[in-house]
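Below: one structure, written as structure tokens.
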4 protein chains.
Amino acid sequence: MENTYDKLITAAIELMNIEGYPGASIGMLASKVGISKSTVIHYFKSKEGILLAILENFLPGYIDAFKPVLKDPDMDGVEKLHKFLHFHMKLVVERRDVLTINLRDTKYLTGKNKVIYQNQQRLYEEQVVKIIEQIQKEGHGLFRGLKPSITAKAILGMCNYATIWYKEDDRLSIEDLAEHFFAILTRGK
Amino acid sequence: MENTYDKLITAAIELMNIEGYPGASIGMLASKVGISKSTVIHYFKSKEGILLAILENFLPGYIDAFKPVLKDPDMDGVEKLHKFLHFHMKLVVERRDVLTINLRDTKYLTGKNKVIYQNQQRLYEEQVVKIIEQIQKEGHGLFRGLKPSITAKAILGMCNYATIWYKEDDRLSIEDLAEHFFAILTRGK
Amino acid sequence: MENTYDKLITAAIELMNIEGYPGASIGMLASKVGISKSTVIHYFKSKEGILLAILENFLPGYIDAFKPVLKDPDMDGVEKLHKFLHFHMKLVVERRDVLTINLRDTKYLTGKNKVIYQNQQRLYEEQVVKIIEQIQKEGHGLFRGLKPSITAKAILGMCNYATIWYKEDDRLSIEDLAEHFFAILTRGK
Amino acid sequence: MENTYDKLITAAIELMNIEGYPGASIGMLASKVGISKSTVIHYFKSKEGILLAILENFLPGYIDAFKPVLKDPDMDGVEKLHKFLHFHMKLVVERRDVLTINLRDTKYLTGKNKVIYQNQQRLYEEQVVKIIEQIQKEGHGLFRGLKPSITAKAILGMCNYATIWYKEDDRLSIEDLAEHFFAILTRGK
DNA sequence: AATGAATGAGGCTTCATTCAT
DNA sequence: AATGAATGAAGCCTCATTCAT
């Protein structure tokens with residue numbers, strides 16, 4: 001965290017997470033890092049450039065990271081769901097800041113960037129859809145008759161809401177939370 | 001929708017829903033209604049006053065509307081959950097605009113208003129907690145061993161995410177969607 | 001010159017005449033009049049609005065003012081040319097500021113405004129073309145064989161250049177100058 | 001046009017011609033040539049340096065080029081005027097870019113540079129004055145009784161305006177245009 | 001009930017320039 | 001010969017708000 005660029009990225013993530021894209025100003029970022037507004041522009045060209053830099057630094061990694069599990073031919077669907085919940089909730093706790101920005105602020109991008117990054121979200125969601133479909137195919141009754149895309153959205157809604165309310169805490173670890181969600185989804189009455 | 005105030009409220013809801021609180025400006029609202037900025041201030045005192053007016057007009061009603069069901073001593077918990085999902089999803093489709101504003105923009109309120117309205121959300125959530133607790137007490141196994149407050153948050157996260165993605169559509173009515181959520185929650189493997 | 005708007009227009013003409021559109025800034029105008037930058041925007045909406053206001057205030061008048069002479073069926077072409085030169089040079093001395101702005105800065109307008117005002121200039125030029133044509137039709141040899149549109153441009157180039165160099169002066173009144181131009185155009189060797 | 005400096009000069013002329021001195025920025029020039037802003041400064045020291053370089057590269061040549069004709073003791077004045085018009089209009093078509101910059105942007109120079117280059121223009125004009133005076137001395141009536149300095153300005157105004165409107169075109173070659181101007185000046189009624 | 005005048009603060013961006021490398 | 005880092009000043013504009021009417 002020595003050079004200016006890294007300091008800027010770190011500060012920008014913190015700032016945008018708290019204030020939201022419209023509420024985060026270049027001036028705030030500059031004074032947070034202790035440099036001038038022009039220097040911020042020097043690094044990112046524009047305000048949108050800051051958001052893009054955050055997303056570029058972060059997204060490629062997190063979309064691909066789960067792929068090995070998804071493609072594993074020897075793992076059953078329920079196990080994949082279990083692993084996904086743990087994977088995703090770990091993300092929520094470790095990178096809640098960028099995740100929040102990604103979910104909440106991508107809509108402020110313009111032109112093709114908007115399309116690209118909103119598509120990334122769709123791809124991530126698609127992974128969950130695939131898991132649901134595998135579970136349905138395996139036929140033990142779970143999610144039977146439900147539309148995979150809607151179920152996937154239900155799961156992500158459930159998980160992502162935690163970015164707002166979850167506080168790391170001895171009484172509720174993120175693993176506990178993932179298990180909770182897994183239980184809600186897999187155990188009926 | 002004849003008098004200026006009502007036109008203003010209607011336009012303000014539409015505007016804030018689309019632009020978000022920071023992105024919605026008094027000037028935009030004024031020109032949307034075809035009056036001057038000063039007149040907007042004349043009605044609401046301040047920008048925060050606009051947000052407050054929207055919430056005041058809407059929230060009291062929707063918090064109380066479900067109470068009769070909740071208090072019904074003859075209805076079992078699962079039935080209440082079923083009714084809640086339909087009630088809440090109807091809200092999503094009918095008043096998605098105000099619901100979105102309520103969920104996303106209350107944090108921009110200041111002073112005691114912030115506390116009051118964020119508390120309102122807690123009260124609404126509390127209703128779901130009560131339902132979960134009743135279900136657990138009735139002991140058919142659903143939600144057994146789960147923390148009610150987390151389960152309630154999971155349910156609301158699942159439902160509220162629909163404010164973002166759900167589009168009214170012949171192939172997926174809001175009742176279908178509520179049933180989907182009900183099925184996800186109540187049928188395990 | 002009591003109200004703010006009139007003070008602004010007067011100051012804006014002076015400023016833009018001297019600095020040119022790109023060189024004249026809203027801040028300079030504001031401090032020239034002793035008000036804040038926001039007040040300038042309050043009156044004109046944008047920088048382009050200032051230029052438009054100047055042109056709107058001035059152009060309609062000066063395009064139409066010569067029409068009666070042009071349409072006079074009893075006046076011969078050479079007399080009309082004589083009158084035009086005096087009319088136009090009076091403009092140069094009386095409203096050199098706005099004329100300069102009109103000739104030099106219309107190109108900075110955008111969208112349809114650019115088209116509208118550049119067309120105005122074409123209309124003004126068209127008047128001179130008409131005069132040349134009448135002279136040619138009357139057939140005393142003046143301008144014989146010359147293209148009217150080019151001759152008109154030659155005349156206007158000759159006259160308008162005076163906006164740059166002419167200084168009111170006892171030794172060369174604007175009427176003298178008009179007569180000079182008339183002589184150059186009408187007396188050959 | 002291989003080395004960086006020459007590429008810069010060429011690009012600078014094109015840029016300043018189109019945008020004008022205030023509108024042309026070092027950044028635009030840098031990206032036009034595909035180098036960094038710092039490198040542009042490295043070559044020219046400052047923005048004013050760019051304008052100076054353009055003028056220095058061009059002006060000495062074009063002022064001196066006509067001198068031989070002017071000094072020719074065997075050529076009569078009208079012939080010199082004829083030659084000047086062709087010489088000058090050729091300049092208009094061949095180096096309209098630099099001519100435009102020279103006429104329009106020298107006023108942005110500062111200190112002694114401003115004086116030097118505005119004086120250059122006076123020197124060029126002086127050549128026309130000399131031609132008029134010779135014509136008057138030769139006494140065939142052309143320009144009789146007219147002030148040479150004003151007549152010179154009239155001629156240059158007429159010619160230079162073509163930098164704005166003239167487009168190379170099969171129907172009107174620059175030689176035709178020079179002849180037109182010559183005819184306007186020398187044939188009366 | 002409604003508005004125009006006026007503003008201060010701030011927001012994003014451009015720009016010419018300096019400095020060290 | 002060429003550049004990236006960094007900046008201060010300025011530029012245009014938005015915005016919420018106050019005040020008098």
Side-chain angles (χ1 to χ4, degrees), chain A residues 3-5 7-8 19 21-31 33-50, chain B residues 3-5 8 19 21-31 33-51, chain C residues 3-5 7-8 19 21-31 33-50, chain D residues 3-5 7-8 19 21-31 33-50:
Chain A
N3 70 38
T4 306
Y5 182 83
K7 277 196 274 185
L8 272 170
E19 306 286 344
Y21 182 80
S25 85
I26 288 179
M28 290 162 79
L29 178 54
S31 70
V33 175
I35 58 175
S36 75
K37 280 187 292 174
S38 352
T39 305
V40 175
I41 294 280
H42 173 67
Y43 279 98
F44 299 107
K45 304 265 193 218
S46 70
K47 186 176 176 182
E48 183 165 352
I50 304 173
Chain B
N3 69 39
T4 304
Y5 182 84
L8 271 171
E19 306 287 345
Y21 183 79
S25 83
I26 291 182
M28 289 162 80
L29 178 53
S31 73
V33 175
I35 60 176
S36 75
K37 276 189 299 175
S38 323
T39 306
V40 175
I41 297 264
H42 174 71
Y43 276 98
F44 298 105
K45 297 261 194 200
S46 71
K47 185 175 175 181
E48 185 165 353
I50 302 172
L51 179 50
Chain C
N3 70 38
T4 305
Y5 182 83
K7 276 197 275 185
L8 271 170
E19 305 288 345
Y21 183 81
S25 85
I26 290 179
M28 290 162 79
L29 179 54
S31 70
V33 175
I35 58 175
S36 74
K37 282 186 290 175
S38 352
T39 306
V40 175
I41 294 281
H42 172 67
Y43 279 98
F44 299 107
K45 304 264 192 217
S46 70
K47 186 175 175 183
E48 183 165 354
I50 303 173
Chain D
N3 69 38
T4 305
Y5 183 82
K7 276 197 275 184
L8 271 170
E19 305 287 345
Y21 182 80
S25 83
I26 291 182
M28 289 161 80
L29 179 53
S31 72
V33 176
I35 58 176
S36 75
K37 276 189 299 175
S38 322
T39 306
V40 175
I41 297 264
H42 174 71
Y43 277 98
F44 297 106
K45 296 260 194 200
S46 72
K47 185 176 176 183
E48 184 165 355
I50 303 172

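Keep in mind that this is a model prediction, so the values were computed, not measured.
Smallest separation of non-hydrogen atoms from B/K47 and B/P22: NZ-O, 3.6 Å. Here the shortest heavy-atom pairing between B/K37 and B/G27 reads CG-CA, 3.7 Å. For the residue pair A/M28 and A/G23, the shortest heavy atom distance occurs at SD-O, 3.6 Å.
Rounded to whole Å, atom P of E/dG11 lies 8 Å from atom CE of A/M28. For the pair D/E19 CD and E/dC15 C1', the interatomic distance rounds to 14 Å; values are reported in whole Å.
Every residue two or more places apart in sequence or in another chain was checked for a side-chain hydrogen bond (donor to acceptor under 3.5 Å, both in side chains) with D/E19, and none qualifies. Listed by chain and number, the residues in a ring-ring contact (aromatic ring centres under 6.0 Å, His included) with D/Y43 amount to none (sequence neighbours excluded). Partners of B/I41 by side chain to side chain contact (heavy atoms under 4.5 Å, CB included), not counting sequence neighbours, listed by chain and number: B/I26. Among residues two or more places apart in sequence or in another chain, the side-chain hydrogen bond (donor to acceptor under 3.5 Å, both in side chains) test is passed with B/S36 by B/T39. Checked against side-chain hydrogen bond (donor to acceptor under 3.5 Å, both in side chains), A/S25 has no partners two or more places apart in sequence or in another chain.
Once rounded to the nearest 0.5 Å, the distance linking OG of D/S31 with CD1 of D/I35 reads 10.0 Å.
Residues from residues 38-48 of chain D that place a heavy atom under 4.0 Å from any atom of DNA chain F, listed by number: D/S38, D/T39, D/H42, D/Y43.
Place A/I35 and C/G23 on DNA chain F by their nearest nucleotides, and A/I35 ends up nearer the 5' end. Comparing A/P22 and D/K37, the nucleotide of DNA chain E nearest to each residue sits closer to the 5' end for A/P22.
Scanning DNA chain F 5' to 3' for nucleotides with an atom closer than 4.0 angstrom to a non-hydrogen atom of chain D gives a first and last hit of F/dA1 to F/dA5.
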Dot-bracket for DNA chain E, 5' to 3', counting Watson-Crick or G-U wobble pairs under 3.5 Å, with [ ] for crossing pairs and | for inter-strand pairs?
.||||||||||||||||||||
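At least one side-chain heavy atom of B/V40 sits less than 4.5 Å from a side-chain heavy atom of B/I50.
Among the protein residues, D/A24 comes within range of the sugar-phosphate backbone only, with heavy atoms under 4.0 Å from sugar or phosphate atoms but none that close to a base.
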